[in-house]
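Reading through the structure tokens given below for one structure.
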Amino acid sequence: MAGTSPSLSLAAEPAAVQTASDFVCCGAEQAGLPATRLPELALVMEEVLMNVVRHAYPEDSHGDKRGVVEITYDIPEPGCLKVEIADRGIAFNPLTYPEPDLNAPLEDRQVGGLGVFLTRQFTDSLEYVRDGAWNRVRFAMLAASPARARE
Amino acid sequence: VNIEATRTGTTVVIKVVGRLDADNAPKFEQACKAWVEQGARTLVIDMSELTYVSSMGLRSFMVIGKDLTEHSGALHLCGLTGLVKQVFEITRLNTVFTMHSSVDSALAAT
């Protein structure tokens with residue numbers, strides 16, 4: 001995504017989640033996505049961005065992590081929002097996380113690992129590419145929720 | 001997030017209002033764990049005014065659930081709506097915890 005697509009560059013820290021989420025929710029409204037998809041979009045943004053915040057950049061000698069995350073959205077047609085979240089951190093494909101075992105009893109269930117699963121459920125397409133020094137996670141959301149998210 | 005708790009014996013009803021995300025799920029988790037440390041064995045979470053939960057929020061529910069199990073206690077969830085209900089259903093956490101439509105029905109069952 002390039003050219004005239006709205007784009008935002010933020011420090012890769014937890015405060016970026018709310019700002020980035022508000023930014024793409026404006027895009028969702030422009031794309032004509034129904035209000036019911038906005039919380040789903042906010043959830044996907046939190047899951048993808050927190051992965052960047054946690055994993056993309058190493059800590060410096062002060063224990064701080066410094067790096068940027070760029071958020072871009074595009075509306076290729078009415079009813080479709082495409083979002084890209086890009087960072088220049090350590091090469092890391094979050095989509096390689098193992099699928100959680102949803103049928104295990106509580107004592108056997110891992111307490112983590114649901115973020116990527118939820119991201120898959122609520123997006124209509126999802127991909128990761130390593131592009132030179134950049135990690136790029138791209139997803140699309142359409143006006144209707146994916147069937148898997150309504151089960 | 002706003003958390004209000006009412007204790008009766010070893011049962012604590014905790015109403016959680018707002019959002020459980022990466023930022024504030026730890027606050028909710030700590031509040032619940034503190035009740036268990038203080039002897040609570042049945043936690044009834046009123047989620048009727050919880051509007052958002054991310055994987056970090058779900059993580060907190062699992063940590064609290066495991067903590068209660070280790071103390072022979074139980075976690076009861078009630079009043080889930082909208083995105084919160086949807087997220088518990090697609091992760092099948094609604095089959096892991098005991099779910100109720102309201103606090104009253106949860107208390108009647110405990």
Side-chain angles (χ1 to χ4, degrees), chain A residues 12-22 25 34-55 94 97 99-123 141 144-151, chain B residues 1 18-30 32-33 36 42-43 45 47 49-77 80-99:
Chain A
E13 55 190 27
V17 172
Q18 187 67 52
T19 309
S21 188
D22 291 346
C25 279
T36 50
R37 295 231 69 188
L38 300 184
E40 299 175 5
L41 176 59
L43 177 72
V44 169
M45 290 300 289
E46 179 183 331
E47 302 299 353
V48 177
L49 279 163
M50 285 307 295
N51 259 324
V52 173
V53 171
R54 289 196 195 98
H55 301 296
Y97 270 127
E99 287 272 310
D101 181 358
L102 303 181
N103 295 313
L106 180 61
E107 55 268 32
D108 295 334
R109 277 189 77 151
Q110 300 289 321
V111 294
L114 289 173
V116 173
F117 173 78
L118 287 172
T119 301
R120 282 189 201 283
Q121 303 309 304
F122 284 120
T123 51
M141 291 188 82
S145 296
R148 57 185 173 273
R150 296 195 301 266
E151 283 172 2
Chain B
V1 67
R19 298 164 54 86
L20 281 179
D21 56 20
D23 193 32
N24 53 39
K27 179 184 171 190
F28 169 70
E29 188 177 316
Q30 286 309 312
C32 292
K33 290 184 89 166
V36 178
T42 303
L43 293 190
I45 315 293
M47 296 161 72
E49 291 180 41
L50 183 67
T51 56
Y52 176 93
V53 65
S54 68
S55 65
M56 282 298 285
L58 297 179
R59 184 184 185 285
S60 292
F61 282 99
M62 285 194 273
V63 168
I64 296 156
K66 284 173 185 263
D67 194 26
L68 276 163
T69 303
E70 284 170 14
H71 289 85
S72 303
L75 181 62
H76 295 258
L77 308 183
L80 287 71
T81 60
L83 179 80
V84 175
K85 184 167 188 260
Q86 201 179 353
V87 164
F88 271 78
E89 285 172 355
I90 62 178
T91 56
R92 301 208 190 147
L93 285 172
N94 62 329
T95 65
V96 165
F97 301 115
T98 311
M99 313 297 282

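Numbers restart at 1 for each chain; the letters A, B, ... are given by sequence-line order, proteins then strands.
- Annotation: B:Phe61 is in aromatic contact with B:Phe28 [ring centroid separation under 6.0 Å].
- A heavy-atom distance below 4.5 Å is not found between the side chains of B:Asp67 and B:Glu29.
- The candidate with the highest count of non-hydrogen atom pairs below 4.5 Å against chain B, out of A:Leu102, A:Asn103, A:Val53, A:Val116, is A:Leu102.
- The side-chain heavy atoms of A:Pro94 and A:Thr119, taken from C-beta on, include no pair separated by under 4.5 Å.
- If you measure heavy-atom distances from A:Ala42 to chain B, the contacts under 4.5 Å come from both the backbone and the side chain.
- Between chain A and the options B:Thr91, B:Val96, B:Thr95, B:Leu83, the largest number of non-hydrogen pairs under 4.5 Å is found for B:Thr91.
- Shortest non-hydrogen contact noted between A:Glu99 and A:Phe117 is OE1-CD1, 4.0 Å.
- Per-residue counts of heavy-atom pairs under 4.5 Å with chain A were compared for B:Thr51, B:Val87, B:Asp23, B:Val53; the largest is that of B:Val87.
- Closest of all the heavy-atom pairs between B:Ala22 and B:Ser54 is N-OG, 3.9 Å.
- Counting all heavy atoms, side chain and backbone alike, A:Val111 lies closest to B:Lys66 at CG1-CE, 3.6 Å.
- Of the listed residues (B:Val63, B:Thr69, B:Asp21), the greatest number of heavy-atom pairs within a distance under 4.5 Å of chain A belongs to B:Asp21.
- For residues 44-52 of chain A, heavy-atom neighbours of chain B at less than 4.5 Å comprise A:Glu46, A:Glu47, A:Met50, sorted by residue number.
- What you find for A:Pro100 and A:Leu114 is that their closest heavy atoms are CG-CD2, 3.8 Å.
- Using a 4.5 Å cut-off between heavy atoms, A:Pro14 does not touch chain B at all.
- Looking at A:Gln18, the atoms closer than 4.5 Å to chain B (heavy atoms on both sides) all sit in the side chain, from C-beta outward.
- The closest side-chain heavy-atom distance from B:Leu58 to B:Phe88 is below 4.5 Å.
- Side-chain contact between A:Leu106 and B:Met62 is present, with at least one heavy-atom pair separated by less than 4.5 Å.
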